[in-house]
Amino acid sequence: EVKTRGKNGYQFFDPAFYGAMRQRKQRERELQAAIAGNEFVMHYQVRVEAATQRVASLEALVRWNHPTAGLLYPDEFIPLAEETGMIVPLGELVVDSVCAQIAAWTRDGCAPVPVSINVSSRQFNERDMHALFLQSLERHGIPADRVEIELTESTMIRDPVRTSERLQAMHALGIRLLVDDFGTGYSSLSMLQQLDFDLLKVDKSFTHRLGGDGQGEILFTAIITMAHALGMKVVAEGVERPEQADLLARLQCDELQGYYIASPLDAVGVQHEIRRRQAAMH
Ligand code: C2E
Ligand code: MG
Ligand code: MG
Ligand code: MG
């Protein structure tokens, strides 16, 4: 239907387009209800030190437990949440449920592993993240160094001055700052250093280029050398094969994350994974 539009003039009743619009409106209403009733669950994926295999952190990844469609992944609702602005209340739910989970793990005597939280551009620019994190940490009695924030390069470019102020305030609390999907945006390393980032998460597309024509190795070597010179650590995301993990460790990449290390797991599963790893180390 879409193909016939354009050249031959406007088609007022395009059933496919109309159907898609209705479907989108329906999803929007569902998402609204999901936020009101908190239908979200967090999964957690470990990030390990390349040299020791010690668990450095857990990344919190949101899933929507949809009443009829089952468990939905971020790709199916984060873009809509971003477009509609619903990412702001959704993000508040995420921060609060992660903090509640950390508090529950602490009560259960689990190892005090930090958790990193993804914050998208619109969310960061429309909500005072410093205040949100501070409120949630206080409400659940959690020290600030138990959480990290993951931002993409686009977030910093939109409003560098305000972003810098907010990030500095969060850093001063003890929250570690991470750049997500590094290499896919347009930030400079000097900007990242000025913003005081602790760690660069190199995008998985770079990891997937390792072991081919050597270009992946060249890119990682350059990023790692510069990041270390500027006082930042580097984590490779999307590590799926043992050869990638070996190569990255040899290139002095500090940390690894990906299906080869561990898949994202629910709150119970990830604690099993941490204990299994701790037992294997001794
Ligand atoms: P991201 O932050 O870059 O997260 C990494 C994504 O890669 C996750 O997908 C993870 O499950 C997946 N992944 C992990 N290991 C591997 C691997 O070895 N190979 C491959 N191919 N993929 C791997 P997921 O959970 O579907 O999340 C997708 C994106 O949605 C995230 O990308 C993040 O940008 C966003 N997101 C997730 N949770 C939240 C949230 O709570 N808030 C916000 N604002 N965004 C979120
Ligand atoms: Mg992330
Ligand atoms: Mg990423
Ligand atoms: Mg991503």
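The structure presented is a predicted model; accordingly, all values stated were derived computationally and were not measured. Just so you know, ligand 1 is whichever comes first in the structure, and atom 1 is the first atom listed for that ligand.
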Going by distance alone, is a donor N or O of one side chain under 3.5 Å from an acceptor N or O of the other, for Q26 and R29?
-> yes
Could you verify whether a donor N or O on one side chain and an acceptor N or O on the other, from T207 and E237, lie under 3.5 Å apart?
-> no
Mind checking whether V94 has an N or O less than 3.5 Å away from an N or O of ligand 1?
-> no
Below 4.0 angstrom from a heavy atom of E240, which ligand 1 atoms are there? Numbered from 1 as shown, please.
-> 17 (C), 18 (O), 19 (N), 20 (C), 21 (N)
What's the spacing between S116 OG and D180 CG if we round to 0.5 Å?
-> 8.0 Å
Taking heavy atoms and a distance under 4.0 Å, where does Q257 meet ligand 1: side chain, backbone, both or neither?
-> neither
Would you say E59 and ligand 1 have an N/O pair spaced under 3.5 Å apart?
-> yes
Is a side-chain donor-acceptor pair under 3.5 Å present for Q194 with S164?
-> no
With heavy atoms of G258 as the reference, note each atom of ligand 1 found under 4.0 Å away.
-> 15 (N), 18 (O)
N/O of Y259 under 3.5 Å from N/O of ligand 1, yes or no?
-> yes
One finds that the ligand 1 atoms under 4.0 Å from a non-hydrogen atom of D180 are 1 (P), 2 (O), 3 (O)
E237: which N/O/S atom is nearest the Mg ion (ligand 3)?
-> OE1
Looking at ligand 1, does G91 have a heavy atom less than 4.0 Å from it?
-> no
Between the CD atom in E150 and the OG atom in S57, the distance rounded to the nearest 0.5 Å is 7.5 Å
What is the name of the N/O/S atom in E59 that sits closest to the Mg ion (ligand 2)?
-> OE2
Nearest non-hydrogen contact to atom 31 (C) of ligand 1 from the set D75, L61, I117 belongs to L61
S120: numbered ligand 1 atoms lying under 4.0 Å from its heavy atoms = 44 (N)
Do the ring planes of Y44 and W105 sit parallel (below 30°), tilted (30 to 60°) or perpendicular (above 60°)?
-> perpendicular
Short side-chain to backbone donor-acceptor contact, D198 and L177, under 3.5 Å = yes
Any idea which N/O/S atom from D180 gets closest to the Mg ion (ligand 2)?
-> OD2
Charged N to carboxylate O under 4.0 angstrom, E59 versus R47?
-> no
Of all the atoms in D181, is at least one N, O or S atom closer to the Mg ion (ligand 3) than 2.8 Å?
-> yes
With heavy atoms only and a cut-off of under 4.0 Å, state how K201 meets ligand 1: side chain, backbone, both or neither.
-> neither
So is there a nitrogen or oxygen of Y73 less than 3.5 Å from a nitrogen or oxygen in ligand 1?
-> no
With distance as the sole criterion, is a donor-acceptor pair present between the side chains of K201 and Q257 under 3.5 Å?
-> yes
Enumerated ligand 1 atoms positioned under 4.0 Å from heavy atoms of Q45 | 14 (C), 15 (N)
Counting from 1 in the order shown, the ligand 1 atoms closer than 4.0 Å to a non-hydrogen atom of Q123 are 44 (N)
Identify, by atom number and element, the atoms of ligand 1 in contact range of P264, meaning under 4.0 Å from any of its heavy atoms.
-> 11 (O)
Salt bridge R122-E82, side-chain N to carboxylate O under 4.0 Å = no
Report the part of L90 in contact with ligand 1, treating N, CA, C, O as backbone and CB onward as side chain, heavy atoms under 4.0 Å; options are side chain, backbone, both, neither.
-> neither
Check whether any N, O or S atom of N118, backbone or side chain, sits closer than 2.8 Å to the Mg ion (ligand 2).
-> yes
Indicate whether any N or O donor in one side chain lies under 3.5 Å from an N or O acceptor in the other, for H43 and R63.
-> yes
R63: heavy atom below 4.0 Å from ligand 1, yes or no?
-> yes
Spacing of OG1 belonging to T155 relative to CE belonging to M129, to within rounding of 0.5 Å | 10.0 Å
Restricting to N, O or S atoms of E150, which is nearest to the Mg ion (ligand 2)?
-> OE1
Is R162 salt-bridged to E165, going by a charged N under 4.0 Å from an acidic O?
-> no
Between D96 and R139, is there a side-chain N and carboxylate O pair less than 4.0 Å apart?
-> yes
